[in-house]
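Here the structure is a predicted model, which is why all the values come from computation and not from measurement.
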Amino acid sequence: MSNIQTLVDQFGENVFSLKVMREYLSEAAFKSLSSTIHTGVTIDPGIANEVAEAMKLWAMERGATHYTHWFQPLTGATAEKHDSFLVPDGEGGALAKFSGEELIQGEPDASSFPSGGLRATFEARGYTGWDPTSPAFIKYDAAGATLCVPTVFCGYHGEALDKKTPLLRSMNALNKEICRLGKLFGIDCNGSRAVATLGAEQEYFLIDKEFYEMRLDLLQCGRTLFGRSPAKHQQLEDHYFGAIKSRVLAFMADLDKELWRLGVPARTRHNEVCPAQFEIAPMFEELNLAVDHNMLTMEIMRKVAEEHGFCCLLHEKPFAGVNGSGKHNNWSVCGPDGKNWLSPGDNPHENAKFMTMICALMKAVDVHADLLRATVATAGNDHRLGANEAPPAIISIFLGDQLTDIIEQIEQGGASSSKRGGLIELGVDSIPHLPRGNTDRNRTSPFAFTGNKFEFRAVGSEQNPSAANVVLNTIVAEVLDEICTKMEKAVAAGEEFNAALQSILGDIVKKHKRVLFNGDGYTADWVAEAERRGLPNLRKTPEALAVYRTEKARSLFSKYQVLSERELESRYEVYIEGYQRVVLIEARCAVTIAKTLIAPACISAQSELADGIKAVKEVSGGSVSGVLSLLGDICTQTEVMLAAIKTLEAKIEEGDIPGMIEATQALRVPADELEGLIPDYLWPLPSYAEMLFMM
Ligand code: ADP
Ligand code: MG
């Protein structure tokens, strides 16, 4: 048992943090590196050798034998290629070496990472480049210890081949516009930068490893393709926030400890809605670091689960008919003044800035709802979005009653600088205190204001959260750019500041309030209402991904230098291909399971019953009509299933992706029926009840 002080002392012990740097670097190098970290200025190559040497020393003291550039290719996972510190010394011996050059740039054999045609084979090289704003860390495993250096991953001409590069670019775009707005509000940036902040709540399932290994569908697809709904699953709502089982708690405790050593500020752990479903949430951090930490969290979760005899399922919908898993993306902006700009202020002037941010978000989300939707489009998330417990595919904003009321007053306030009866005047009146957190909660909204941040709930549990945040940063930068341009002109023309701002924000509210929706997002009424309002409802991945190919998306990303047209197109290609591959793998896996596991079990059940009927008749001559009817049901459903296999095989043969999805789903229906008909001892797969309840 560790007491809290031990854990406090261990926090970040595997991280090459500022604290460690101060100890291991000369004062000049430390100053230079920490200013890069704080202000984003380019790293001084002159200090690279010293930093590398220090990192090596520190890492070797902790048992590291290798280093790796750690990056996030478009596969959605993380990638690493280990190099040992060891180099021959030319005299038959060896020494441990890690140069500045090796720290700054790597050249992994990159031809097997998806590039969507960006990297023709003649220029197949890819480069990894050190990201000093995310600290290096040490990972321990059975093989020893490895120094991991977070990096970007680019092609020969600097084309982004990863998820981090556009994230950093979008943070720059946002920083620029936030500082511009800050200047209008008289906030001195003083060389500091604005950053987006992220707190990513991570949902997941744990099941016993033995069950996992007996389920080919989980092994190959991460989700069950078959499984009859058990009598009890989550109906009694007795799991959410319930007492945590000790075996699970032991896992959670180890997970927290390991994450804390890696400097990941894991904070909250609890049971989720579905049995066997849980959540871990960290304290929010600067976005780039928070994304790295979320990727690391998922990796460590899988590893620690295994050590505890569990399998950690991160798929968005491992089990049909019950809650799926998301990654609630809590996003805000920390201004150059170090304050949260989505937090209402203490005075009218600060409130005006806050309302500007809210209106900017409103316009950004309305104009680019389709693009936000595209960022969460994956085969896995298609099973979750729009299903009953998850946010719908329609992107709307929940502001809560009070803030909606204020927004409406701004709309009515128009350009008038005179105080009208009862209306809040921007920059002059204070706004009422807004409730924060859980008090004013709408769980059905995909994009909810929760008092001092926005929570984008449509992100899938298994996704790298960067794409959603790249879009958020960029679309907010775009609207702030427009607002600042107008305000700068108005100020230059001698207009009164508050009146000009009120007029701009009033216009935004008028045009974009259709995106606001405080009601129940799960109802059919909302789908109809959203259609009347003209809000996009992109139900499935292919139509959502197509948004990446629109002129609107292209010009947005190129204008703010986040993704060039080629880079954007390459992403579209990688994502759509990835989607199609998942569908095909699931279809083929379903055929294999149905043909080689379920069908033989059904045939055994049929012969057992037939033999039994014969035997009973011979011995007693008693009635077997009930048994005959059961046999009949099994035979009928088996025939239906065998026919469904044929249909799915035909779709696979044709390469018909939507057909495969439909036929995979259709194949499941008779199979799940059969699970309720044939003897339990013949059923070849662990049941939903076993997987969800036995741990
Ligand atoms: P809940 O959403 O369950 O009410 P919290 O309000 O504690 O829980 O917040 C959930 C997540 O939002 C946490 O990861 C938290 O750190 C994060 N969060 C809080 N403030 C911010 C912020 N300013 N920017 C980004 N994330 C934040
Ligand atoms: Mg939340």
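- In summary, Glu306 and Lys303 do not engage in a salt bridge, as defined by a charged side-chain N under 4.0 Å from a carboxylate O.
- Between Leu95 and Phe85, the closest side-chain pair of non-hydrogen atoms is not below 4.5 Å.
- Taking a cutoff of 4.0 Å between a charged side-chain nitrogen and a carboxylate oxygen, Lys164 and Asp292 qualify as a salt bridge.
- Enclosure of atom CD in Glu213 by more than 12 non-hydrogen atoms of other residues, nucleotides or ligands within 6.0 angstrom is indicated.
- Between Arg22 and Glu27 there is no salt bridge, since no side-chain N of the basic residue sits under 4.0 Å from a carboxylate O of the acidic one.
- Using modelled atom types, one side-chain atom of Asn381 and one backbone atom of Val376 make a donor-acceptor pair closer than 3.5 Å.
- Glu50 places a side-chain N or O within donor-acceptor distance of the main-chain N or O of Ser26, the cut-off being under 3.5 Å.
- Taking the side chain as every heavy atom from C-beta outward, Tyr204 and Met301 approach each other to under 4.5 Å.
- Between the side chain of Thr375 and the backbone N or O of Leu372, at least one donor-acceptor pair lies under 3.5 Å.
- Annotation: side chain to side chain donor-acceptor pair (under 3.5 Å) contacts of Glu203 (sequence neighbours excluded): none.
- The pair Glu462-Lys327 does not meet the salt-bridge criterion, since no charged nitrogen lies less than 4.0 angstrom from a carboxylate oxygen.
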Go through the steps to decide whether Glu107 and Thr128 satisfy the test side chain to side chain contact (heavy atoms under 4.5 Å, CB included), and finish with yes or no.
CA-CA 6 Å; Glu107 191 188 332; Thr128 48; over 6 Å; no
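- Looking at Leu33 and Pro132, their side chains come closer than 4.5 Å, going by heavy atoms from C-beta outward.
- Taking the ring centre of Phe310 as origin, the terminal cationic atom of Arg247 falls inside the region bounded by 6.0 Å and 45° from the ring axis.
- Expressed to the nearest 0.5 Å, how far CD1 of Ile47 lies from NZ of Lys31 amounts to 13.0 Å.
- Side chain of Thr474 to backbone of Val470: a donor-acceptor contact under 3.5 angstrom is found.
- A salt bridge links Glu299 with Lys139: the closest approach of a Lys/Arg side-chain nitrogen to an acidic carboxylate oxygen falls below 4.0 angstrom.
- A salt bridge is absent between Arg261 and Glu258: the closest approach of a Lys/Arg side-chain nitrogen to an acidic carboxylate oxygen does not fall below 4.0 angstrom.
- Side-chain atoms of Gln463 come within 3.5 Å of backbone N or O of Gly460 as a donor-acceptor pair.
- Between Glu567 and Arg169 there is a salt bridge, since a side-chain N of the basic residue sits under 4.0 Å from a carboxylate O of the acidic one.
- Thr197 and Glu285 are not linked by any side-chain donor-acceptor pair at a separation below 3.5 angstrom, with hydrogens and angles left out of the test.
- With a 4.5 Å cut-off on side-chain heavy atoms, Phe456 and Leu198 do not count as touching.
- In this pair, Phe113 and Phe153 present their aromatic rings perpendicular. The plane angle is above 60°, beyond the 30 to 60° band.
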Given Phe211 and Leu218, is the side chain to side chain contact (heavy atoms under 4.5 Å, CB included) satisfied, shown in steps?
CA-CA 9 Å; Phe211 293 140; Leu218 285 179; over 6 Å; no
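- Side-chain atoms of Asp83 do not come within 3.5 Å of backbone N or O of Tyr67 as any donor-acceptor pair.
- Between Arg571 and Glu159 there is no salt bridge, since no side-chain nitrogen of the basic residue lies less than 4.0 Å from a carboxylate oxygen of the acidic one.
- Using cut-offs of 30° and 60° on the angle between ring planes, the pair Trp70 and Phe137 is perpendicular.
- Within 6.0 Å of the CD atom in Glu307, the count of heavy atoms belonging to other residues, nucleotides or ligands exceeds 12.
- Rounding to the nearest 0.5 Å gives a distance of 8.0 Å between CZ of Phe398 and CZ of Arg457.
- Checking side-chain atoms of Ser134 against main-chain N and O of Asp131 turns up no donor-acceptor pair under 3.5 Å.
- A distance-only check finds a donor-acceptor pair linking the side chain of Glu286 to the backbone of Asn288 [under 3.5 Å].
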Test log, rule side chain to side chain contact (heavy atoms under 4.5 Å, CB included), inputs Leu313 and Tyr212:
CA-CA 9 Å; Leu313 303 176; Tyr212 172 74; 4.2 Å; yes
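- Taking the side chain as every heavy atom from C-beta outward, Ile178 and Val333 approach each other to under 4.5 Å.
- Listed for the Ser170 side chain is no donor-acceptor partner under 3.5 Å among the backbone atoms of Val562.
- Interatomic distance, CZ of Arg62 versus CG of Leu147, reported as 11.0 Å (0.5 Å rounding).
- The cationic atom of Lys353 (NZ for Lys, CZ for Arg) lies less than 6.0 Å from the six-membered ring centre of Trp341 and within 45° of the ring axis.
- Of the possible donor and acceptor atoms, one in the side chain of Thr68 sits under 3.5 Å from a partner among the backbone N and O of Lys81.
- In this structure, the side chain to side chain contact (heavy atoms under 4.5 Å, CB included) partners of Ile104, at least two apart in sequence or on a different chain, are Ala48, Trp130.
- Between His308 and Phe251, the ring planes are perpendicular. Angles over 60° get that label, and only those under 30° would be called parallel.
- Atom CG of residue Asn329 and atom CG of residue Leu472 lie 6.5 Å apart, to the nearest 0.5 angstrom.
- Here the closest heavy-atom approach between residue Lys453 and residue Ser332 is recorded as CB-CB, 4.1 Å.
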